[in-house]
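Below is one structure, written out as structure tokens; the observations come after it.
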Amino acid sequence: MKLALLGCGTVGSEVVRLMHDKADDLAARIGERMEIAGVAVRRPGRDRSHLPIDPNLFTTDALGLVKRPDVDIVVEVAGGIEPARTWITTALSEGKAVVTANKALLAADGASLNAAAVAGDADLYYEAAVAGAIPLLRPLRDSLHGDSIDRVLGIVNGTTNFICTQMTQTGASFGEALAEAGELGYAEADPSADIDGYDAAAKAAIIASLAFHTKVELSEVYREGITDVTAADVAAAAEQGCVVKPLCIATREPDGVSVRVHPAMIDKAHPLASVNGAYNAVFVEAEAAGSLMFYGAGAGGTATASAVLGDIVAVARHRRGGVTAFRPEAAWGDLPVKSIGEASTRYHVCMDVTDEPGVLSQVAAMFAHHDVSLATVRQAGRAASSAPADKQAAGAQLVVVTHAATDAQLSATVEDLSHSDLVREVTSVMRVEGK
Ligand SMILES: NC(=O)c1ccc[n+]([C@@H]2O[C@H](COP(=O)([O-])OP(=O)(O)OC[C@H]3O[C@@H](n4cnc5c(N)ncnc54)[C@H](O)[C@@H]3O)[C@@H](O)[C@H]2O)c1
Ligand SMILES: N[C@@H](CCO)C(=O)O
Ligand code: NA
């Protein structure tokens, strides 16, 4: 059986190495030897002598490689939308199995890829695309297919979890932690994909589509990155007995589904609070199965290559048996995706206020006006002011934690607070999740 590898970067080079090192095991599991027919790269002359592969196999003609009649399986680990979409749809429509790690493409145009797979009666597997090495998508699309999933809550981006962990544990700056994540092979080629939440949003769209058997577009996922998370937020979380984590939350509700990714505070006692570094963890809550937790390496070349190899073995076995996987996810349901305004959670709000009698009750009244009920209110100390010492009005810092309220209620409250003469500045608003 022959395989075309498209891309030979962090993940691709580890696929090459593992396919070489594990060749005998893979042959035993598949029932025949798997050979690499060619590797598409951008720069064929680059020194890749550390890789256990014949240098004559490198080519810049990826599409030509995909179309070669002797190629059975196409493994796409180059990333990006085009030309990856053309390579994959060409392979599928010619009946070749495809294994990809490309969540950006799956989230942007999963429907086209699925349609090509159906038309070509070919397998499309992408376990590496979400939560790296962790087996999550196959459990969602196979093992849990007899159940109904109500909620998926997790950390699905290794880079931003690594950054939050470093900021919390070592006091590293955002920039230092991001640079280290890049060196360790966790970050996307364009780090904005990680820190602005696009990567997590793509994964959330894929998870929600599979979990709820409906089509969730990338544009329907509410997305906030972690670039606004400051050392002060991390410290405020610690004072609250919490840590800041980049979360993905997808829920099925009676009137639709809700899908969001954003940083949030989570109680230190919650299992997600101790998921550190580039590790990912995902809770799946199913009607009959109850709560399931998936945990492991969410990024990194070797770990991700494990998921790619698992998919290669699966599709190779299907080809030997002359079958393809049944693809129920191709039959998209039609559940509405709810707006962020309807999403309900708790909030941690910090503000600098004037230190005078009655401030507390008036601030509380602004929350009450929008039906937001308060869990705790704390005066954290005197607020810093940039005014000269002799002109400084007395100020204080208030920290409020709310009970569950909708995003719309909270936004309206913050709007009122920021226009109030008593509130100098709303310095931070962060969701509190995990209960
Ligand atoms: N690194 C991870 O931890 C990880 C984890 C899960 C999924 N992924 C996904 O795997 C894919 C690859 O990620 P990576 O980290 O290996 O990226 P990378 O940038 O290290 O490697 C991609 C390689 O593909 C090559 N490439 C890009 N366009 C090409 C083209 N048109 N023709 C030939 N070669 C081309 C690049 O030159 C590069 O060497 C991406 O879709 C990424 O989102 C990565
Ligand atoms: N850049 C991604 C790679 C794994 O999908 C992450 O940090 O999670
Ligand atoms: Na995975």
Side-chain angles (χ1 to χ4, degrees), residues 4-16 38-44 46 48 51 58-66 75-88 99-108 125-141 154-164 177-178 181-203 206-207 210 226 246 248 261 277-282 294-311:
L5 183 65
L6 312 178
C8 194
T10 305
V11 179
S13 56
E14 283 301 288
V15 170
V16 168
V39 182
V41 294
R42 270 206 280 237
R43 291 177 294 277
R46 197 168 160 190
R48 295 184 176 87
L51 289 177
F58 291 110
T59 173
T60 52
D61 181 13
L63 194 58
L65 179 58
V66 166
V75 178
E76 186 274 312
V77 281
I81 305 300
E82 283 294 353
R85 173 168 42 201
T86 302
W87 299 337
I88 291 176
V99 173
T100 177
N102 195 334
K103 56 261 170 159
L105 173 58
L106 285 157
Y125 272 54
Y126 45 92
E127 183 57 73
V130 180
I134 307 172
L136 175 67
L137 301 188
R138 278 208 257 159
L140 286 180
R141 78 180 195 174
I155 295 171
V156 295
N157 182 269
T159 300
T160 51
N161 195 36
F162 180 84
I163 293 171
C164 288
L178 173 61
E183 280 159 26
L184 291 167
Y186 307 145
E188 294 301 303
D190 173 3
S192 155
D194 294 304
I195 61 178
D196 292 323
Y198 294 101
D199 178 81
K203 291 164 174 168
I206 295 168
I207 288 173
L210 290 179
I226 63 156
C248 155
V261 299
Y279 279 84
N280 286 185
V282 181
F294 298 82
Y295 170 79
T302 313
T304 305
S306 161
V308 172
L309 257 70
D311 281 354

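The basis for the numbers below is simple: all heavy atoms, side chains too, and nothing from hydrogens, waters or symmetry mates. Start at 1 and go down the list; that is how both ligands and their atoms are numbered.
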(message) Tell me whether Tyr126 reaches ligand 1 (any heavy atom closer than 4.0 angstrom to a ligand atom).
(response) no
Identify the protein heavy atom lying closest to [atom], giving its residue, its atom name and the separation to 0.1 Å.
| atom | value |
| --- | --- |
| atom 24 (O) of ligand 1 | Ala78 CA, 3.4 Å |
| atom 9 (C) of ligand 1 | Ala101 O, 3.4 Å |
| atom 25 (C) of ligand 1 | Gly7 CA, 4.1 Å |
| atom 37 (O) of ligand 1 | Arg42 NE, 3.5 Å |
| atom 30 (C) of ligand 1 | Trp87 CH2, 3.6 Å |
| atom 8 (N) of ligand 1 | Lys103 NZ, 3.5 Å |
| atom 12 (C) of ligand 1 | Val77 O, 3.2 Å |
| atom 5 (C) of ligand 1 | Thr304 OG1, 3.1 Å |

Near the Na ion (ligand 3) (protein N/O/S, cut-off 3.0 Å, waters excluded) we have Glu127 O, Glu127 OE2, Val130 O, Gly132 O, Ile134 O
Per the under 4.0 Å non-hydrogen criterion, ligand 2 touches Lys103, Asn157, Gly158, Thr159, Tyr186, Ala187, Glu188, Asp194, Asp199, Lys203, Gly298, Ala299
Value rounded to 0.5 Å, distance of [atom1] in [X] from [atom2] in [Y]:
| X | Y | atom1 | atom2 | value |
| --- | --- | --- | --- | --- |
| Ile163 | Leu178 | CD1 | CG | 4.5 Å |
| Glu82 | Ile88 | CD | CD1 | 9.5 Å |
| Tyr125 | Arg141 | OH | CZ | 5.5 Å |

Return yes or no for this condition: an N or O of [X] is under 3.5 Å from an N or O of ligand 1.
| X | result |
| --- | --- |
| Val11 | yes |
| Thr10 | yes |
| Arg46 | no |

ask   = So Val282 and Ile134, side-chain contact (heavy atoms from CB on, under 4.5 Å) or not? Walk me through it.
value = CA-CA 9 Å; Val282 181; Ile134 307 172; 5.5 Å; no
Would you mind finding which of [options] brings a heavy atom closest to [atom]?
| atom | options | answer |
| --- | --- | --- |
| atom 43 (O) of ligand 1 | Glu188, Lys203, Glu76 | Glu188 |
| atom 40 (C) of ligand 1 | Ala62, Ala202, Ala133, Gly79 | Gly79 |
| atom 1 (N) of ligand 1 | Gly185, Gly158, Gly132 | Gly185 |
| atom 3 (O) of ligand 1 | Ala129, Gly298, Gly300 | Gly300 |
| atom 23 (C) of ligand 1 | Ala189, Ala181, Gly9 | Gly9 |

So which atom in [X] and which in [Y] form the shortest heavy-atom distance, rounded to 0.1 Å?
| X | Y | answer |
| --- | --- | --- |
| Tyr198 | Ser192 | CD1-O, 3.7 Å |
| Ala129 | Leu106 | CB-CD1, 3.8 Å |
| Ala128 | Asp311 | N-OD2, 4.4 Å |
| Ile81 | Ala108 | CD1-CB, 3.9 Å |
| Ala84 | Asn102 | CB-ND2, 3.6 Å |
| Ala131 | Leu136 | CB-CD2, 4.3 Å |

Hey, does Glu127 have a side-chain heavy atom less than 4.5 Å from the side chain of Pro139?
yes
**Beyond-backbone contact of Arg48 with Val16, side-chain heavy atoms, under 4.5 angstrom** = no
Given the options Val66, Leu63, Val75, Thr100, Leu6 meets side-chain contact (heavy atoms from CB on, under 4.5 Å) only with Val66
Can you name the atoms of ligand 1, numbered from 1 with element, that are less than 4.0 Å from a heavy atom of [X]?
| X | result |
| --- | --- |
| Ala128 | 6 (C), 7 (C) |
| Ala299 | 3 (O) |
| Val41 | 33 (C), 34 (N) |

Starting from the C-alpha separation in whole Å, work towards a yes-or-no answer on side-chain contact (heavy atoms from CB on, under 4.5 Å) for Lys203 and Asn157.
CA-CA 9 Å; Lys203 291 164 174 168; Asn157 182 269; 4.2 Å; yes
Residue pairs passing the salt bridge (charged side-chain N to carboxylate O under 4.0 Å, His left out) test with at least one member in residues 183-193, sequence neighbours excluded, are Lys103-Glu188
Looking only at atom types and distance, does a side-chain atom of Glu14 sit under 3.5 Å from a main-chain N or O of Thr304, one as donor and one as acceptor? no
| request: Any chance you could lay out the side-chain contact (heavy atoms from CB on, under 4.5 Å) test for Ile155 and Cys164, step after step, and finish with the verdict? | output: CA-CA 11 Å; Ile155 295 171; Cys164 288; over 6 Å; no
Checking contacts now, so for atom 17 (O) of ligand 1, which I'm interested in, is there any protein heavy atom under 4.0 Å? no
Those residues at least two apart in sequence (or on a different chain) that pass ring-ring contact (aromatic ring centres under 6.0 Å, His included) with Phe294 are none
> Between Arg46 and Phe58, is NZ or CZ placed under 6.0 angstrom from the six-membered ring centre and within 45° of the ring axis?
Replying inline: no
Quiz item: Does atom OH of Tyr279 have more than 12 heavy-atom neighbours, drawn from other residues, nucleotides or ligands, at distances under 6.0 Å?
Solution: no
